S.K.: 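Below you'll find the structure I mean.
Computed over heavy atoms, backbone and side chain alike; hydrogens, waters and symmetry mates excluded. None of the values given here were measured: they were computed from a predicted structure.
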Amino acid sequence: VVLDAETGDPVNKAQVKLGESNSVETDLSGGFEFYLRPGIYEISPSAREYIIENQQIEISPEKISSIEFLAIPAVEIWPGDTNNDGKVSIMDVLPIGRFWGVVGEKRNLEEIGWKMELTARSKWTPVEAAYADADGNGLVNEDDIRVVASNWKKTISGETSAPDLSESLRLMLDKEMLDKYRAMYKVIIKMEPSEGSAVIAENLRMLIDNLNPERSLLLNNYPNPFNPETWIPFVLSDEGSVNISIYNSKGQLIRSLNMGYLQSGYYIQKDKAAYWDGCNEWGEQISSGVYFYSIKSDNFSKIRKMTVLR
């Protein structure tokens, strides 16, 4: 019998092979039968969207032997078709950015050609991220763009899903994708020239140019008022060295935050904005009151006010 490993339901119409010539199909109960001479046999079941391991069974004279297979629900992956629409195209750049950093099950790293692979559904959250892991290393990142270029314009027959055009448009306009598109661009321009790598590089360049900020900004810190820490977000239209300075109400410098040399982009989220722990240069907590913070880069400077409440 072949059963779904998660639900326990029977797997109907699974193909069960015994050697090269013997093959049967499971019935509505997931069951199958072979009539065999005594000996040891290897049985190989397979079913669409399931991973099923082979098992051996020993047959004794005049005895009925039973064997149970647990079928693990799986995702069928065609490496490079990251949006699962049945073809490899420029649209397959977007899911890599969407599911950036998602970790799941590794596949056979040698199989990145145009061949269907399986990965367990339960190992990926969300499941759609499994398609974006084009190179099968269990992590969605910039390296997956290589496989999109390698399998460029490859197609599969049969039923496929249509890409979500509204989600695709959102990803094209999402400012948080800028660094991810830059990382993919750095990978693709190092590949051996091909039609796929050339088209991908050109489109990534356009996405980067469209998302690049038109002007630099110093935004309101958050939270404000704060105690004891706050984040200072900013936007850079040009790359350069960035320094954040914090002053008290008398104009005295109490803390300097050197952000280093930064690319143009949006430094808004907590993992990218300037962080201040509410301490001066000597590690002492400052008192309540009004303070000022300024930003200075190669081509931009600005100052804003914030409040500390102890």
S.K.: Working to the nearest 0.5 angstrom, can you tell me the gap between Lys115 NZ and Ile156 CD1?
M.R.: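 Separation between the atoms: 15.5 Å.
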S.K.: Could you verify whether a donor N or O on one side chain and an acceptor N or O on the other, from Ser44 and Asn54, lie under 3.5 Å apart?
M.R.: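 Their side chains do contain a donor-acceptor pair, which is all the 3.5 Å distance test asks for.
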S.K.: Can you check whether Val148's main-chain N or O pairs, donor with acceptor, with Asp144's side chain at less than 3.5 Å?
M.R.: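 Between the backbone of Val148 and the side chain of Asp144 there is no qualifying donor-acceptor contact (under 3.5 Å).
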S.K.: Looking only at heavy atoms, which two atoms of Ser168 and Met91 are closest? And how far apart?
M.R.: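 Nearest heavy atoms, Ser168 then Met91: OG-CE, 3.4 Å.
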S.K.: Kindly check if the number of other-residue, nucleotide or ligand heavy atoms within 6.0 Å of CD (Glu281) is above 12?
M.R.: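 Result for CD/Glu281: enclosed.
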S.K.: Do Glu239 and Tyr261 have side-chain atoms, one donor and one acceptor, less than 3.5 Å apart?
M.R.: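 Distance-only check passes for Glu239 and Tyr261.
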S.K.: Regarding Asp238 and Ser264, do their side chains bring together a donor and an acceptor under 3.5 Å, going by distance alone?
M.R.: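 No - no donor-acceptor pair under 3.5 Å links their side chains.
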S.K.: Go through Met191 and Ser150 one step at a time and tell me if the side chain to side chain contact (heavy atoms under 4.5 Å, CB included) criterion holds.
M.R.: CA-CA 10 Å; Met191 289 187 65; Ser150 298; 4.1 Å; yes
S.K.: So, for Tyr267 and Phe234, is the gap between ring centers shorter than 6.0 Å?
M.R.: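 They qualify: ring centres under 6.0 Å apart.
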S.K.: Provide the closest heavy-atom pair for Ala273 versus Ile268 in the form atom of the first, atom of the second, distance.
M.R.: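 Scanning both residues, the minimum pair turns out to be CB-O, 3.7 Å.
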S.K.: Provide the closest heavy-atom pair for Met172 versus Leu94 in the form atom of the first, atom of the second, distance.
M.R.: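 Closest approach of Met172 to Leu94, heavy atoms only: CE-CD1, 3.9 Å.
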S.K.: Are more than 12 heavy atoms, taken from residues, nucleotides or ligands other than Lys154, located less than 6.0 Å from that residue's NZ atom?
M.R.: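 Correct, the count exceeds 12.
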S.K.: Quick one: do Arg98 and Glu128 make a salt bridge, cutoff under 4.0 Å?
M.R.: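 Between Glu128 and Arg98 there is no salt bridge, as every charged N stays at least 4.0 Å from the carboxylate O atoms.
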S.K.: Restricting to non-hydrogen atoms, name the atom on Asn258 and the atom on Val242 that form the minimum distance, rounded to 0.1 Å.
M.R.: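 Where Asn258 meets Val242 most closely, the heavy atoms are OD1-O, 3.5 Å.
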S.K.: Assess whether side-chain hydrogen bond (donor to acceptor under 3.5 Å, both in side chains) is satisfied between Tyr131 and Asp92, documenting all intermediate values.
M.R.: CA-CA 10 Å; Tyr131 301 109; Asp92 291 303; over 6 Å; no
S.K.: What is the distance from atom NZ of Lys180 to atom CD1 of Ile145, rounded to the nearest 0.5 Å?
M.R.: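 The CD1 atom of Ile145 is 14.0 Å from NZ of Lys180, to the nearest 0.5 Å.
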S.K.: Using only heavy-atom distances, determine whether the side chains of Thr119 and Glu105 contain a donor-acceptor pair under 3.5 Å.
M.R.: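 Glu105 and Thr119 do have a side-chain donor-acceptor pair below 3.5 Å.
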S.K.: Is the terminal nitrogen or CZ of Arg205 (NZ for Lys, CZ for Arg) located under 6.0 angstrom from the six-membered ring centre of Tyr185 and within 45° of that ring's axis?
M.R.: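 Ring-cation test returns yes.
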S.K.: Between Gln55 and Glu42, does the side-chain hydrogen bond (donor to acceptor under 3.5 Å, both in side chains) criterion hold? Intermediate values first, please.
M.R.: CA-CA 6 Å; Gln55 292 189 55; Glu42 181 161 321; over 6 Å; no
S.K.: Take Leu204 and Ile188, measure what side chain to side chain contact (heavy atoms under 4.5 Å, CB included) needs, and give me the verdict at the end.
M.R.: CA-CA 9 Å; Leu204 282 172; Ile188 205 72; 4.3 Å; yes
S.K.: Can you find a side-chain donor-acceptor pair between Arg255 and Asn248 that sits under 3.5 Å?
M.R.: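 Looking only at side-chain atoms, Asn248 and Arg255 do not form any donor-acceptor pair under 3.5 Å.
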S.K.: For the aromatic rings, using the six-membered ring if either is Trp, is the centroid distance between Trp276 and Phe226 under 6.0 Å?
M.R.: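 Under 6.0 Å, so yes.
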S.K.: Would you tell me whether Ser256 and Asn243 have side-chain atoms, one donor and one acceptor, within less than 3.5 Å of each other?
M.R.: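 Judged by distance alone, the side chains do pair up.
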S.K.: Do Asn227 and Arg310 meet the criterion of a side-chain donor-acceptor pair at a distance under 3.5 Å?
M.R.: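 Present: a donor and an acceptor within the cut-off.
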S.K.: Would the number of heavy atoms belonging to other residues, nucleotides or ligands and lying under 6.0 Å from NZ of Lys272 be above 12?
M.R.: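 Enclosed: over 12 neighbouring heavy atoms sit under 6.0 Å from NZ of Lys272.
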S.K.: Are more than 12 heavy atoms from other residues, nucleotides or ligands located less than 6.0 Å from atom CD of Gln252?
M.R.: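 More than 12 heavy atoms, drawn from other residues, nucleotides or ligands, come within 6.0 Å of this atom.
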